[in-house]
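Note sheet for the following structure.
A note on names: the letters A, B, ... follow the listed sequences, proteins ahead of strands, and every chain is numbered from 1. Just the heavy atoms: all of them, side chains too, but no hydrogens, waters or symmetry mates, feed the values below.
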Amino acid sequence: MTQVDPDQGVYGISVAAELVEMGAQTLRQYEARGLLEPDRTAGGTRRYSPNDLDRLRRIAGLLDAGVNLAGIGMVFDLERQNHDLTEQNTRLRAMRGAAMTPDESDTTNHADAAGEADLLDQAADLPGDEDDDYPLGDPDPPQAPG
DNA sequence: CTTCTGACA
DNA sequence: TGTCAGCA
């Protein structure tokens with residue numbers, strides 16, 4: 001049986017917009033905001049995957065909950081970081097359980113010191129490898145009167 | 001179909 | 001702020 005890749009873009013923007021009950025312009029806007037990145041054909045037209053449609057429905061839900069588009073972008077980024085960190089966590093746990101015997105808690109000579117340091121480096125780099133998108137720096141919003 | 005700009009609540 | 005209409 002040929003299983004369908006849920007990440008594979010199949011729907012054109014009009015079909016996708018109808019399926020999620022949004023305007024096509026709105027879908028383009030979400031992509032411009034970085035909330036979505038549907039596939040593109042060689043000609044440059046968007047192809048939305050089933051996962052993209054789920055993402056669009058989640059955007060609608062978050063908007064309905066009162067989260068603005070900027071906040072939704074933060075939610076998605078945090079979800080990705082959470083996913084990556086969880087993955088690294090399970091790998092670290094698995095490796096430590098396999099490589100260490102009770103007597104070998106010797107601090108001087110770890111057989112897998114190199115590999116362990118490598119994983120630790122990856123874990124440490126995770127939050128930063130996403131170039132700092134949301135500085136959260138200026139607390140005062142630049143707002144024009146009227 | 002694409003990007004871009006402006007208007008409305 | 002988010003959505004929609006019109007243009008090229």
Side-chain angles (χ1 to χ4, degrees), chain A residues 1-100 104-105 107 110-146:
Chain A
M1 286 295 283
T2 65
Q3 286 294 344
V4 177
D5 184 359
D7 284 325
Q8 198 69 31
V10 284
Y11 309 106
I13 190 171
S14 288
V15 176
E18 178 138 2
L19 287 175
V20 298
E21 296 176 299
M22 297 175 179
Q25 196 72 227
T26 304
L27 268 55
R28 296 192 189 98
Q29 193 69 19
Y30 291 165
E31 182 180 356
R33 296 293 190 112
L35 303 182
L36 209 62
E37 199 159 336
D39 290 344
R40 296 276 185 152
T41 66
T45 65
R46 296 171 174 81
R47 285 290 124 95
Y48 289 83
S49 71
N51 274 353
D52 289 331
L53 299 187
D54 285 342
R55 214 171 166 80
L56 287 169
R57 297 189 185 97
R58 296 197 52 218
I59 293 173
L62 288 168
L63 282 174
D64 188 66
V67 185
N68 63 17
L69 293 181
I72 294 175
M74 292 176 164
V75 170
F76 287 167
D77 276 0
L78 287 173
E79 282 180 349
R80 163 133 226 98
Q81 291 174 21
N82 190 316
H83 172 81
D84 291 344
L85 286 172
T86 301
E87 221 170 48
Q88 292 293 337
N89 195 335
T90 57
R91 288 183 57 191
L92 284 168
R93 286 176 180 275
M95 201 192 71
R96 197 168 55 172
M100 217 166 56
E104 283 171 353
S105 21
T107 53
H110 288 275
D112 282 338
E116 185 167 351
D118 207 40
L119 275 185
L120 288 174
D121 274 352
Q122 291 181 34
D125 284 347
L126 260 181
D129 70 2
E130 224 116 350
D131 32 335
D132 42 3
D133 283 344
Y134 308 104
L136 300 179
D138 303 355
D140 52 325
Q143 199 165 0

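Nucleotide dA8(C) forms a pair with dT2(B), judged by Watson-Crick or G-U wobble geometry with both contacts under 3.5 Å.
Residue Arg33(A) has a polar side-chain atom (N or O) positioned under 4.0 Å from OP1 or OP2 of dG2(C). Phosphate proximity of dG2(C) to Thr26(A): absent, as no side-chain N or O sits under 4.0 Å from OP1 or OP2.
Arg55(A) places a side-chain N or O within 3.5 Å of a backbone atom of Leu35(A) that can act as its donor or acceptor partner.
Among the heavy atoms of the strands, none lies under 4.0 Å from Arg47(A). Nucleic acid contact for Arg46(A): sugar-phosphate only, since backbone atoms but no base atoms lie under 4.0 Å from a heavy atom of the residue.
Distance Leu69(A) CG to dC4(C) C1': 15 Å, rounded to the nearest Å. Rounded to an integer number of Å, the gap from Arg40(A) CZ to dC1(B) P is 12 Å. Leu27(A) places its CG atom 10 Å from the P atom of dT2(B), with the value rounded to the nearest Å. The CD-P distance, from Gln29(A) to dC4(C), rounds to 11 Å in whole Å. Counting to the nearest Å, the P atom of dT1(C) and the CG atom of Asp64(A) are 19 Å from each other.
Among all heavy-atom pairs drawn from Asp39(A) and Gly9(A), the shortest one is OD2-N, 3.1 Å. The shortest non-hydrogen separation linking Ala17(A) to Ala24(A) is CB-N, 3.8 Å.
In this structure, the nucleotide among dC1(B), dT3(C), dT2(B) sitting nearest to the side chain of Ser14(A) is dC1(B). Distances from the side chain of Tyr30(A) to the nucleotides dT2(B), dT3(C), dG2(C) place dT3(C) closest. Nearest nucleotide to the side chain of Gln25(A), out of dA5(C), dG2(C), dC1(B): dA5(C).
Defined by atom type and a distance below 3.5 Å, a donor-acceptor pair is present between the side-chain atoms of Ser49(A) and Asp52(A).
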